[in-house]
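Down below is the structure, laid out as structure tokens.
One is the number of the first residue; the rest follow in order along the sequence.
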Amino acid sequence: MAENPNRMCRTLIWAGILSLLGIENGLAQDAPARSEESLLQSQKMEAIGRLAGGIAHDFNNLLAVITGYSDLLLESLASDLDRRKVEQIQQAANSAASLIRQLLMFSRQQVVQQTVLDLNRAVSGIEKMLRRLIRENIEFTVTLDPHLVRVKADSGQIEQLVLNLVVNARDAMPNGGKLRIQTKNVRLKKDAQSEASVSSDPFVLLEVADTGIGMDQETQARIFEPFFTTKAVGKGTGLGLSTVYAIVKQSNGSIEVQSKLGQGSSFKIYFPAAEQADADCESAAGAEKPVFSGETVLVVEDAEPLRRLICEALSASGCKVLSAPDGQEALRVVRREGSIDLLLTDVIMPGMNGPELAKQVRALRPQMKILYMTGYSGEFIRADMLTPGVSFIQKPFTPADLGRKIRRLLADPRETAGDSAALSQQAGEARKAASARASG
């Protein structure tokens, strides 16, 4: 029987990538020590992360167009049948965006926007979607501590983490079982033996437990390795739990796994309690679609389909919109036009990039707000770029997300504060990683 051509194609692609990176199948086996194998794995993931990052910018531009127009269509469609079709398009685009985020996440190439948030609200917000993901033969319960303290994390990452753990638990129960998500406040004791118990400070526990097939010690030792999977070919990417691990570490948390063959698994994640619980707490009003009253926005984006979408969405929301395909044209617009409230610019563009454009615009119009769009990494959005009145938004985004971000930035220049702090932390982690590689 002929082999599946799609499977052959994927195999050849990955073989070509590994060959390009100089990674041979027997190399790890020939390593004299486990430390060398770990170094090889680290170098492999760093290289694959760079490859992923190289395509993420253009890929996220395309996804932003797909999700953006889907969002606009959903606002205007009355037929339930038509809405379901558009929702399927949107869901596929969101899945593609999720895969890109996972690739960038464990290679630490994703921009993280941490805010003080309520884990209960994050879990409740996706509970309905989670129930659709699991089978009817799985009993699903959610127990949330009503007095849960806040944590500082990226809301999108938390949703991704919960989703990955639930899918992992579902797949571990092919014949049905019980799946439980719970949150509660805990204090970790210094004399505990687990990795998570490193201090006695207050933490928030997020646990996902199942009664599935469980794991042996050998499997548990490898579950957080990127591309490691026990599922059949084509049934899993091997990125789910490695993504969970990366999210936990980027959030300054710890993760603990308890599992036995035939007795299920429990993933316990400990997030440090936020010091200022109400500093950045999301408000219900923040979810409303913003309406503008003639504010002028200059959109600079070299990808024409995305530029058209942004201009159309902002115009429909009440903005006066100016546009330019590159930095030079944008400077001509700034010199020609009167008052401009905000510059919305891509970071990576041919010729003059976004930061250089913003620098020159600020020299001409010091009071103009700056909003960067990025689909790649914190390497291009540095913390020192995020001065008062300057912020960023991660691609792909919906028109509603963009509108809310612009509204907050125009209303309060301190909007940048949380972004700057998060990026400063990522920059520090990147320097530590680079130092460790150099010393190794």
Just list the side-chain donor-acceptor pairs under 3.5 Å for residues 344-361, sequence neighbours left out, or say none.
unit_1 : atom_1 : unit_2 : atom_2 : d
Asp346 : OD1    : Lys395 : NZ     : 3.1
Asp346 : OD2    : His57  : NE2    : 3.0
Asn353 : OD1    : Glu356 : N      : 2.9
Glu356 : OE2    : Gln360 : NE2    : 3.1

> Taking Ser266 as the fixed residue, which of Arg180, Glu256, Glu207 is the one that meets the side chain to side chain donor-acceptor pair (under 3.5 Å) rule?
Replying inline: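 Going through the options one by one, the only one that passes is Glu207.
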Is any side-chain heavy atom of [X] less than 4.5 Å from a side-chain heavy atom of [Y]?
| X | Y | result |
| --- | --- | --- |
| Ser251 | Gln157 | yes |
| Val162 | Leu206 | yes |
| Asn60 | Leu62 | no |
| Lys320 | Glu337 | yes |
| Arg131 | Phe140 | yes |
| Thr296 | Ser339 | no |
| Ile269 | Ser254 | no |
| Ile406 | Leu314 | yes |

> Stepwise, does the side-chain contact (heavy atoms from CB on, under 4.5 Å) test hold for Glu75 with Asp71?
Replying inline: CA-CA 7 Å; Glu75 293 178 4; Asp71 203 51; 4.1 Å; yes
>> Could you check, using the six-membered ring where one of them is a Trp, whether Tyr245 and Phe224 have ring centers closer than 6.0 angstrom?
In response: yes
Quick check: closest heavy atoms across [X] and [Y], and the distance to 0.1 Å?
| X | Y | answer |
| --- | --- | --- |
| Leu117 | Ala153 | CD2-O, 3.3 Å |
| Ile310 | Met373 | CD1-SD, 3.6 Å |
| Ser315 | Val321 | OG-CG2, 3.4 Å |
| Ala324 | Leu298 | N-CD1, 4.5 Å |
| Val333 | Ser323 | CG2-O, 4.3 Å |
| Pro305 | Val65 | C-CG2, 3.8 Å |

From [atom1] ([X]) to [atom2] ([Y]), nearest 0.5 Å:
| X | Y | atom1 | atom2 | answer |
| --- | --- | --- | --- | --- |
| Phe267 | Asn164 | CZ | CG | 11.0 Å |
| Leu343 | Tyr372 | CG | OH | 8.0 Å |
| Tyr69 | Leu306 | OH | CG | 9.0 Å |
| Ser265 | Asp210 | OG | CG | 5.0 Å |
| Leu73 | Ile89 | CG | CD1 | 7.5 Å |
| Leu119 | Ile158 | CG | CD1 | 5.5 Å |

> For residues Asn120 and Thr183, is any side-chain donor paired with an opposing acceptor at under 3.5 Å?
Replying inline: yes
> Taking atom types as modelled and ignoring hydrogens, do the side chains of Thr243 and Gln160 form a donor-acceptor contact shorter than 3.5 angstrom?
Replying inline: no
>> If we ignore hydrogens and angles and just use 3.5 Å, is the side chain of Arg170 paired with the main-chain N or O of Leu133 as donor and acceptor?
In response: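 Present.
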> If only atom types and distance count, is the side chain of Arg407 paired as donor or acceptor with the main-chain N or O of Val291 below 3.5 Å?
Replying inline: yes
Pairing of [X] and [Y] as salt bridge, 4.0 angstrom limit:
| X | Y | value |
| --- | --- | --- |
| Arg84 | Glu87 | no |
| Glu312 | Arg308 | no |
| Glu127 | Arg132 | no |

> Between Arg365 and Arg362, does a side-chain contact (heavy atoms from CB on, under 4.5 Å) hold up when you go through it step by step?
Replying inline: CA-CA 5 Å; Arg365 306 283 181 87; Arg362 274 292 178 90; over 6 Å; no
> Would Leu130 and Ile134 count as a side-chain contact (heavy atoms from CB on, under 4.5 Å) if you check the C-alpha gap in whole Å, the side-chain angles of each, and the deciding distance to 0.1 Å?
Replying inline: CA-CA 7 Å; Leu130 296 176; Ile134 63 176; 5.9 Å; no
>> Please determine whether side-chain contact (heavy atoms from CB on, under 4.5 Å) holds for the pair Val204 and Leu148, giving the CA-CA distance in whole Å, both sets of side-chain angles, and the decisive distance to 0.1 Å.
In response: CA-CA 7 Å; Val204 172; Leu148 199 69; 3.6 Å; yes
